[in-house]
Amino acid sequence: MLFRSTIQGANLSANTRTWSSSDFSGNNLPTQLDGVGVTVNGKPAYVYFISPAQLNVLAPEDATLGSVPIQVTTRQAKSNVVNAVEAALSPALFTLSAQGGRYVAAVRADGTYIGPTLPAKPADTILLFGTGFGPTTPPNPIGQLVNAAPLADQVIVRIGGIAADTQFAGIVSPGLYQFNVVVPSVPDGDNAVRVEIGGGFSQANAFFTIQR
């Protein structure tokens, strides 16, 4: 499994940045940024973003399911150990930070951002993004840069409870999945967005604004 996880706390890093090309060793993802590393069940995670209050990491390959220990290491010290639940699938759509993450992060096919003040219309092709949606066909190696590939399991994207025409559903970069869908004919206003895969669902209470 390869999904992005967020760790929040204090004094996690002296710097704020995401990984850059100089952090990679060939195609291998970095397990430390500026001396900041994270272990999940004793295995090094891949560190994507660091800041004093938040880290974003990609979980390493691990067959363990259930509660696993997580610990942060910096050049100065190690954090306390906390536990999190590890699952084969942990699907989640990325959302905008405003309004408590109520709205999904989405763009039109031309790159135009969509939000509550810039709604989409039925028949628009939109791009949604998320993490934790599982393996692809062909599979991509864990811990390395990836090639875009479709998901191995069938995906249904529902907007306003209606199945959208999903033109692509797959991984596009480490831990980042993309869904290209055509907005179905649903009522104007906020419509719930949910992705179904392998018996799992993305989070509830994620919405998308439609305005004809």
Side-chain angles (χ1 to χ4, degrees), residues 1-8 18 48-49 53-59 84-137 140 146-212:
M1 70 197 77
L2 186 61
F3 58 89
R4 297 186 182 184
S5 301
T6 298
I7 299 169
Q8 295 180 323
T18 58
Y48 169 74
F49 170 79
Q54 178 175 312
L55 307 177
N56 289 356
V57 304
L58 280 69
V85 175
E86 192 164 52
L89 291 175
S90 185
L93 290 170
F94 293 137
T95 58
L96 303 174
S97 58
Q99 300 188 43
R102 174 179 172 84
Y103 296 100
V104 296
V107 298
R108 290 187 173 84
D110 64 3
T112 305
Y113 285 95
I114 297 171
T117 60
L118 294 169
K121 302 186 298 294
D124 279 352
T125 298
I126 62 166
L127 282 57
L128 305 171
F129 304 92
T131 191
F133 287 90
T136 60
T137 301
N140 269 292
V146 304
N147 296 312
L151 284 163
D153 291 333
Q154 182 181 6
V155 173
I156 300 175
V157 180
R158 297 188 185 275
I159 299 176
I162 304 298
D165 175 11
T166 302
Q167 300 177 335
F168 173 79
I171 200 165
V172 292
S173 70
L176 177 64
Y177 294 81
Q178 179 176 310
F179 304 89
N180 299 2
V181 300
V182 178
V183 178
S185 181
V186 293
D188 286 359
D190 289 352
N191 286 265
V193 181
R194 208 162 196 194
V195 180
E196 304 173 14
I197 182 170
F201 302 87
S202 60
Q203 73 270 36
N205 301 317
F207 294 89
F208 184 77
T209 305
I210 306 295
Q211 181 64 56
R212 288 171 172 78

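Please read all numbers here as calculations on a predicted model, not as lab measurements.
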Practice item. Evaluate the side-chain contact (heavy atoms from CB on, under 4.5 Å) criterion for residues Ile126 and Ile159: first the C-alpha distance (whole Å), next the side-chain angles of each, then the deciding distance (0.1 Å), finally the verdict. Key: CA-CA 11 Å; Ile126 62 166; Ile159 299 176; 4.2 Å; yes
**Study point:** Approximate separation, where rounding is to 0.5 Å, of Gln167 CD and Leu127 CG
**Key:** 9.5 Å
Check your understanding: Do Val155 and Phe133 come close enough that some side-chain heavy atom pair is under 4.5 Å?
Key -> no
Check your understanding: Do other residues, nucleotides or ligands put more than 12 heavy atoms under 6.0 Å from the CZ atom of Phe168?
Key -> yes
**Study point:** Backbone N/O of Thr125 and side chain of Asn180: donor-acceptor pair under 3.5 Å
**Key:** no
Revision key, fill the gap. Rounding to 0.5 Å, atoms CZ (Phe49) and OG1 (Thr18) come to a distance of 8.0 Å
Exercise for review: Return the minimal non-hydrogen interatomic distance between Ala120 and Val183, and the atom names on each side.
Suggested key: CB-CG2, 4.5 Å
**Study point:** Check: Thr6 and Gln54 side chains under 4.5 Å, non-hydrogen atoms
**Key:** yes
Ignoring hydrogens and angles, write down the donor-acceptor pairs under 3.5 Å from the side chains of residues 193-201, residues two or more places apart or on other chains.
residue : atom : partner : partner atom : Å
Arg194  : NE   : Ser202  : O            : 2.9
Glu196  : OE2  : Arg158  : NE           : 2.5

Exercise for review: Grab the two heavy atoms, one from Ile162 and one from Pro184, that are nearest each other, plus how far apart they are.
Suggested key: CG2-CB, 3.7 Å
Revision key, fill the gap. Here the pair of heavy atoms bringing Asp188 nearest to Arg212 is OD1-NH1, 2.8 Å
Review point. Looking at Gly160 and Val186, what are the two nearest heavy atoms and their distance?
Key: CA-CG1, 4.4 Å
Check your understanding: If every non-hydrogen atom of Ile156 is compared with every non-hydrogen atom of Ala163, which pair is closest and at what distance?
Key -> CG2-CB, 4.0 Å
Revision key, fill the gap. Scanning both residues in full, the closest heavy-atom pair of Asp124 with Lys121 reads OD2-N, 2.9 Å
Practice item. Report yes if some heavy atom in the side chain of Pro119 is under 4.5 Å from a heavy atom in the side chain of Ile210; otherwise report no. Key: no
Study note, to complete from the structure: Interatomic distance, OG1@Thr136 vs CG@Asn147, rounded to 0.5 Å, equals 9.5 Å
Check your understanding: Roughly how far, to the nearest 0.5 Å, is OG of Ser5 from CG of Asn56?
Key -> 8.5 Å
Review point. Say you draw a straight line from CD of Gln154 to OG1 of Thr166; how long is it, rounded to the nearest 0.5 Å?
Key: 9.5 Å
Check your understanding: Mind checking what makes side-chain contact (heavy atoms from CB on, under 4.5 Å) contact with Gln203, not counting sequence neighbours?
Key -> Ala92, Leu93, Thr95, Ala206
Review point. What is the distance from atom OG1 of Thr131 to atom CZ of Phe94, rounded to the nearest 0.5 Å?
Key: 5.0 Å
Show me, pair by pair, the donor-acceptor contacts under 3.5 angstrom made by side chains of residues 98-106, not counting sequence neighbours?
residue : atom : partner : partner atom : Å
Arg102  : NE   : Asp190  : OD2          : 3.3
Arg102  : NH2  : Asp190  : OD2          : 3.1
Tyr103  : OH   : Asp190  : OD2          : 2.7

